[in-house]
Each structure stands twice: as C-alpha cells, then as structure tokens.
*Asks:* 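First the structure, then my questions, so here it is.
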Number of protein chains: 2
Amino acid sequence: MTNSRITIKDLAERLNLSISTISRALNDHPSIGKKTTKEVKKLARELGFTPNTMASNLRRNKTQSIGVIVPRIDIHFHSHVISGIEETAYRLGYNVTIFQSRDSLEREIAVTEILQAKRVEGVIACLGLETTDSRHFARFNEIKIPLVFYDRVSKDVESSKVIIDDFDAAFRATEHLINTGCRNIAHIAGNRNTDIFKARVKGYKAALLKHDLEANENLIQYTSELSYEEGATCAKKLLTVTPLPDGVFCANDNTAISAIQVFKKANLRIPEDIAVVGFSNYPISSIMEPTLTTIDDRAFEMGQTAAKLLIRQIEDKDQNIASETIVIKTDLIVRDSTNRNPKG
Amino acid sequence: MTNSRITIKDLAERLNLSISTISRALNDHPSIGKKTTKEVKKLARELGFTPNTMASNLRRNKTQSIGVIVPRIDIHFHSHVISGIEETAYRLGYNVTIFQSRDSLEREIAVTEILQAKRVEGVIACLGLETTDSRHFARFNEIKIPLVFYDRVSKDVESSKVIIDDFDAAFRATEHLINTGCRNIAHIAGNRNTDIFKARVKGYKAALLKHDLEANENLIQYTSELSYEEGATCAKKLLTVTPLPDGVFCANDNTAISAIQVFKKANLRIPEDIAVVGFSNYPISSIMEPTLTTIDDRAFEMGQTAAKLLIRQIEDKDQNIASETIVIKTDLIVRDSTNRNPKG
DNA sequence: TTGTAAGCGTTATCAG
DNA sequence: CTGATAACGCTTACAA
C-alpha cells in the first residue's frame, strides 16, 4: 500500500483510459458505456480509491459543508439543536463543521472569518451573550452565504431565523396554572434585557389579564442568568410575599427545581400549596420529586428546521430566496408539580 | 460588491504585482518587503479578500480539519467530550467536522468513507453500540490517518485510545462506601458484555476483597443498559435481600437516582440506612435530594486529551508515532448520599 | 462513447 | 526581493 493516495490519474493509466472517462464513469455519467463504468468502479474499489473532495470542491466551487456557531456545545439545549442539524444535514448530503464562541465576541468574530475562508456554503448560528452588535455576520450577506440564526438571533443583520414562540409558551404555561386553580401566580424571570425572556414575561402577564387576574409587579422576580442559585434566592423572596403565591411560572427548569426545593424545605406541599411550572424540559424534570410540569423547547426540531431552511436557501441560491422566520410551537408537558386537577 | 469572490489574482492585477508576491505577502514571507506586504494586506482588507482554503488545502495537501464520530451528540457525556475536542482543536488551528452514527453500524461505515473523501487529517471516534467488528476503521491506518478512540474503543484496529480507569474508579467508589461504614455493599451493574462495565464490577469486587468483605453474587444486579427504569427494578430486588444492603455502588447516575427514589419510598434513610454512589456526575446529582456521591468521568478532559494526542500524531506523522493509550484518572465527588462520616 | 485541454485558487520551485 | 510557471486532483466544454 503506497503512502500517497490513489487518484483518477492512476486509474486512467491502469486502464488505458483518459482521466475524463474515469471521472465520468465514477460519477455515473450516462455517456459512458456500462462496461467501462463497471470496470472503472471495480478497479477503484480494488485499489481503495477515494475521490479527493477538496479537488472536486475547488473545481465545482462547492464544499457541501455548513458551519455552525454555538455558545457552548455542552449545554443541553445546544447539543440537541446540533444533533438536529447534523441529522438533517447528513441526510441532505452536507457536513457540519462546528465552533463554540464560548460567549466571547472576539472568538465569534474570528470564527466568522474562518468560516468564510473555509468556504462553507451556509451558516447556522446562535449569538453569544457578549454579542450585542452582530455586524460581523453581515459579511455573509455580501458574499451571498445563507445565514440562519436560532434562539438568540441578530437584529442588525438580514437573515433567516428559527425561534420558539416564547410569548405563547409562557401564556399557555401561566394559563395552565390558572386552569389548575391558581389565583396568585408569581414569575421567576430571566434577564430583563433579553428578548426571549421579555417575551416570557409578556406572555405571563397576558394570561393573567385574560383571566382578570392582577399582574402584580412584586410577584415577578428577575434574575440575571436564571441560575439554580438565583432560583433559590427568588423563591425565598416569594415566601415573604403576602398572600403567599399559589403558583409559580419559572423561565427555566433550573430555577423551577431550586424553587421547589426551597418550598419543600418551608414545608409547603407541591402542587397543593404551590404549583410550579418550568421551561425547557431538562431530563431531570421527569425524574425529580415531584416531576416537573414544563415547556418542551423542541431543541432537536429547531436544529432540523434550521438545517432544512439553510440547505433550501443554499440550493436555490440563484433565486435569491428571501429571509424567513420560522416560529416553532412548543409543548406544555403536564406533570405532578401542577397536578391539582380542579379544572383540567 | 461582485458576486464572485476576490482572489489573489485580483489583488495582483490591482497592484501590478505577480500572484506569487501577493501569496507570499499574505503569508508574511520574510523575503517580501515590509512596504509591499503592508500594501497587499491593506488592499486585501479593503476588498474583503478571504483566502480560499480549499485551493490552498489542495495545493498543500492539508485540510486542517479533523473528523469526529460519536453515537449521539445530545448525550451529556459526548457533548462534553466534543466540547473539549473543539476547544483544543480550535486553539491548535484545526476545525472539527462532526458526525453521529446514531449507534448504526451502517451509518458508521458510511461516515468513515466520507471522512476519507473529505481528507480529514485525523479521526476521533467512539464506537456505536451495534459495532462489534470495527474493521472499517482499519482503512485509516492504511492511508496513515491518525485515529484516536475514546470511551468505547476498538479491539480489532490499531489505534490510540483515551479511556478512563473504570477499575480504579469503581474500586475507589466501593472503598469509599466501606470507609463510611458499609459492610454489605451491593452493585447495580451495566451490560455484562461491555468492557467498561466489566471493569467496574471487577473494581467493586477488588475493593471488597481488600477489606475482607464477601463479594456475594446476589448483591450484584446486572442491567442491559443502565436505564432509569432498570435501576428501579434492581433496587426493588435489593430490598428483598437479607440482610439488607447498607450501601450500593451504581454503574451510572441514572440507576443511582432511581434506586434512591425506591429506597426513599421504602422509608429507608439515605445515607443512614443505605448509602449510594453513582457514576458520571450528571448535573442532576448535585441538585437532587440527597445530593449524590458520584464519579466524575472527566468528559471535557477526555475530549481535550484525545484532540491533543491526535493533533500531535498528525503533526509528527513522518516520525510514525506509535499508538498510545491514555488512561484518565477520575474524581470521586463525595456528597450527601454517602455522608455518614464514621471514618472519613 | 471517449479524449483533449483548460481551469478552479493556491503554493512552491526555479530563475532572475 | 520579485516573477513565471508548474503543479495539486478533479470537472467540463469542445472535439473527435
């Protein structure tokens, strides 16, 4: 076995054919005789020939690859999105090259440059926390590389987007608490400046409004990053409110979990005294005690949708397809933490 | 802005220089005058030139990219390994292209072929569950592409490996139970045919032996895939054993969690009546009640190590570096589920 | 049905 | 210090 790899030229010499014939045979070009095609493929297999995609890509000006930028791969949500992206990209014949910004703007910018040099045919990205100005993505528009954001999307840059309907999800979560008999519902909210968390607050308020319940500001506890620890702090504060809340809608599962633990320690029964709804459907939510009612954020589906959208845009590029925003509907998963069954 | 991208040829024409000068200037070749270099770079920036990596790769016969095959990206362990791989690959100037086998042998084989065509310079893989014969990876040896397995490694194929010391981890987990006063320790084990789980059983037995405790076979409950549900079944069976076990070492966190829930329902106190140790350090283990003593599997570090090892082999390829097996030592994280403090 | 030859955008060798 | 020119391995008019 030689060290350097077999090329179509080698095959051509062996078979006394021209390299164009070999190339065509390998690609099942109809003008090549069945017999020749068969022979070529046979020899290719025998010699362990693998086409050099780099060369073919250069020639065809294609790479069959898409770039993905996420804040961190090891976050549950993102790993599921990536899984969805890889799954549909694979089926449609594309490779996925992945980068983490680790929430650093500097690194995010560097990665956009690498992606341009690598000549990926499209980019899927979720902005990092540091990124307020996302103009480094504008370059992709100029060079006509389709761009799809998911979850944390850009406001400055023309692009397609895949997001969940945070307002609707929060609305339904809160309405579920109301239907289950809660009348004094609190909310543990995310960062005040982040769109998705603002939308959740709005959805929460809208549901209260619809059912003629007061949206009392001191029932809303804002956090900076929805951490487990912040959840506990908020829950403790809620315990000092009178009358005591009988339901809490939390903007993620972490805070819901720590709130439940605080409430249990305070000898409150879940859901009888306080019902709790989370957001994200982390694996733990179906295991903890009580199991947690939560919103499934459809991460895998978001990834699939983003990849499908992106690849459609790649393949219809001449037609200059307009940007598109796809809103994914979430599911409310009802479990024990709200199981008070008065009204459904 | 023209549709087709700027090339070094364009720069050459604009500056009345030859393309070789441009190429050298762009690569900071010492033979090019400071002034010329500066001018070239300036124009490149102005025109938004990005070097075409494909062309350069073809010419240099390099791709600066490594391929990663995992069973599923969205499994906690793998997402952390991938994160570690990406992190060190990025720092060392490599891209990572990622594929899921989804535990399908057919897909795993297809992916190894894509990786060859893509001319990745090295491969990191974790075998899928279906894979018993891994000879499809042998091709990488023939064409001198460095190969590193992690976690589920190949027996048939010469390759480097990054694994954790399952025997040692199990030994220390079990010994910790003994030190904490347990004398009748059970084990919820993984699949009998899987190496890593066999090693955990051995470690468990060795620890008992060292402390002159009997390794009673009916204290070992085997599962097929260490699922949450299987854990509950095993725990219930352990409740029927006399005398009741006073400690359980579980081969993963899922089974530890469900076992604890079963024990709690049976009105046993954790850790006073039964102490429990898990394996993997899932996020839930620090949140549940009681918090779970467990083995941290160092997923991120495994990824980093695998990437470092691989890239070293890529860059020293001429020297034909031998395969290497790196065993990563795990940490025992002591939490409340074993906090009986008799002896440390 | 097959062959010839140009070219994709670089880098590298050799001259000057 | 700079320029011509030949590759890298493949695809694709155009010819035969």
Side-chain angles (χ1 to χ4, degrees), chain A residues 2-41 43-44 47-65 113-114 116-121 143, chain B residues 2-41 43-44 47-65 93 114 116-121 143:
Chain A
T2 128
N3 194 351
S4 73
R5 278 140 100 167
I6 293 274
T7 71
I8 57 173
K9 198 175 158 198
D10 300 322
L11 299 179
E13 279 164 10
R14 295 259 199 161
L15 293 172
N16 265 317
L17 286 168
S18 73
I19 58 170
S20 37
T21 303
I22 305 292
S23 170
R24 291 183 184 114
L26 255 17
N27 293 300
D28 290 308
H29 194 287
S31 77
I32 302 292
K34 294 248 173 203
K35 207 185 65 192
T36 320
T37 303
K38 204 163 262 171
E39 275 175 16
V40 171
K41 289 197 172 178
L43 184 66
L47 299 185
F49 167 79
T50 336
N52 185 329
T53 331
M54 265 192 295
S56 135
N57 284 343
L58 176 61
R59 180 60 230 253
R60 297 181 314 142
N61 199 28
K62 295 275 281 156
T63 55
Q64 297 291 117
S65 80
E113 268 150 30
I114 296 175
Q116 287 167 46
K118 279 275 165 182
R119 299 298 195 260
V120 294
E121 297 190 47
I143 56 179
Chain B
T2 131
N3 194 351
S4 72
R5 276 139 102 168
I6 293 275
T7 71
I8 56 173
K9 200 176 155 199
D10 301 321
L11 298 179
E13 279 164 11
R14 295 257 201 163
L15 293 172
N16 267 317
L17 287 169
S18 73
I19 58 167
S20 22
T21 303
I22 305 293
S23 172
R24 291 197 265 253
L26 257 15
N27 292 301
D28 290 308
H29 195 286
S31 77
I32 301 292
K34 292 251 173 202
K35 207 185 65 190
T36 321
T37 303
K38 207 163 258 173
E39 274 175 16
V40 170
K41 289 199 170 175
L43 184 66
L47 299 184
F49 167 80
T50 336
N52 187 329
T53 332
M54 264 192 295
S56 146
N57 284 345
L58 175 60
R59 182 56 231 253
R60 298 181 312 143
N61 199 26
K62 295 276 278 156
T63 56
Q64 298 290 119
S65 79
I114 295 176
Q116 287 167 47
K118 280 274 166 182
R119 299 297 195 261
V120 294
E121 297 189 48
I143 57 180

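Naming convention: chains lettered A, B, ... in sequence-line order (proteins, then strands); numbering from 1 in each chain.
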*Asks:* According to a strict under-4.0 Å criterion, is B/S23 in side-chain N/O contact with OP1 or OP2 of C/dT10?
*Replies:* no

*Asks:* Are any of the side-chain heavy atoms of A/L26 and A/L11 separated by less than 4.5 Å?
*Replies:* yes

*Asks:* Between B/A55 and B/S18, which has a closest nucleotide on DNA chain D that is more 5'?
*Replies:* B/S18

*Asks:* Is the shortest heavy-atom distance from the side chain of A/L58 to the side chain of B/N52 under 4.5 Å?
*Replies:* yes

*Asks:* How would you label the contact of A/N52 with the nucleic acid (heavy atoms, under 4.0 Å): base, sugar-phosphate, or nothing?
*Replies:*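 Here A/N52 touches the backbone only, sparing every base.
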
*Asks:* One thing to verify: whether B/D28 and B/K41 come together as a salt bridge, which I'm taking to mean a side-chain N less than 4.0 angstrom from a carboxylate O.
*Replies:*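 Yes, charged N to carboxylate O under 4.0 Å.
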
*Asks:* Mind checking B/N27 for me? I need base, sugar-phosphate or nothing, with any heavy atom below 4.0 Å counting as a touch.
*Replies:* sugar-phosphate

*Asks:* With sugar-phosphate meaning primed atoms plus P, OP1 and OP2, does A/S31 contact a base, only sugar-phosphate, or nothing at under 4.0 Å between heavy atoms?
*Replies:* base

*Asks:* Between P on C/dC8 and CZ on B/R59, what's the gap in Å once rounded to a whole number?
*Replies:*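 Spelled out: CZ on B/R59 to P on C/dC8 is 16 Å.
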
*Asks:* Quick one: the side chain of B/R24 and the base of D/dG3, do they pair up donor-acceptor inside 3.5 Å?
*Replies:* yes

*Asks:* For A/K62 and D/dT12, what is the distance between atoms NZ and P respectively, to the nearest whole Å?
*Replies:*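 Roughly 12 Å, once rounded to whole Å.
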
*Asks:* Would you mind reading off the distance between A/K9 atom NZ and C/dA5 atom P, rounded to a whole angstrom?
*Replies:*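 Interatomic distance, NZ of A/K9 to P of C/dA5: 14 Å.
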
*Asks:* Output the rounded distance in Å from NZ (B/K118) to C1' (D/dG9).
*Replies:* 15 Å

*Asks:* Counting any heavy atom closer than 4.0 Å, what does B/S56 reach on the DNA or RNA strands: base, sugar-phosphate only, or nothing?
*Replies:*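 Sugar-phosphate, backbone atoms only, no base.
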
*Asks:* Does A/S65 reach the side chain of A/K118, with side-chain heavy atoms less than 4.5 Å apart?
*Replies:* no

*Asks:* Once you round it to whole Å, what is the distance between C1' of C/dT10 and CE of A/M54?
*Replies:*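 From A/M54 CE to C/dT10 C1': 12 Å.
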
*Asks:* Closer to the 5' end of DNA chain D via nearest nucleotide, is it A/L58 or B/I22?
*Replies:* B/I22

*Asks:* Tell me which nucleotide among C/dA12, D/dC10, C/dT2 gets nearest to the side chain of A/F49.
*Replies:* D/dC10

*Asks:* Can you identify which nucleotide, out of D/dG3, C/dT10, C/dT2, has its nearest atom closest to the B/T21 side chain?
*Replies:* D/dG3

*Asks:* Heavy atoms only, 4.0 Å cut-off, all strands: where does A/T53 land among base, sugar-phosphate and nothing?
*Replies:* nothing

*Asks:* Return yes if the base of C/dA12 and the side-chain atoms of B/R60 contain a donor-acceptor N/O pair under 3.5 Å, otherwise no.
*Replies:* no

*Asks:* Rounded to whole Å, how long is the line connecting atom CZ of A/R5 with atom P of D/dC8?
*Replies:* 16 Å

*Asks:* Between A/D10 (CG) and D/dG9 (P), how many Å, whole number?
*Replies:* 9 Å

*Asks:* What is the distance from CD of B/Q64 to P of C/dT10, rounded to the nearest Å?
*Replies:* 16 Å

*Asks:* Should the heavy atoms of other residues, nucleotides or ligands under 6.0 Å from CZ of B/R60 be counted, would the total exceed 12?
*Replies:* yes

*Asks:* Can you figure out which of C/dT4, C/dT2, D/dG3 approaches the side chain of B/S20 most closely?
*Replies:*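 Side chain of B/S20 sits closest to D/dG3.
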
*Asks:* Between A/L47 and A/R14, is any pair of side-chain heavy atoms under 4.5 Å apart?
*Replies:* yes

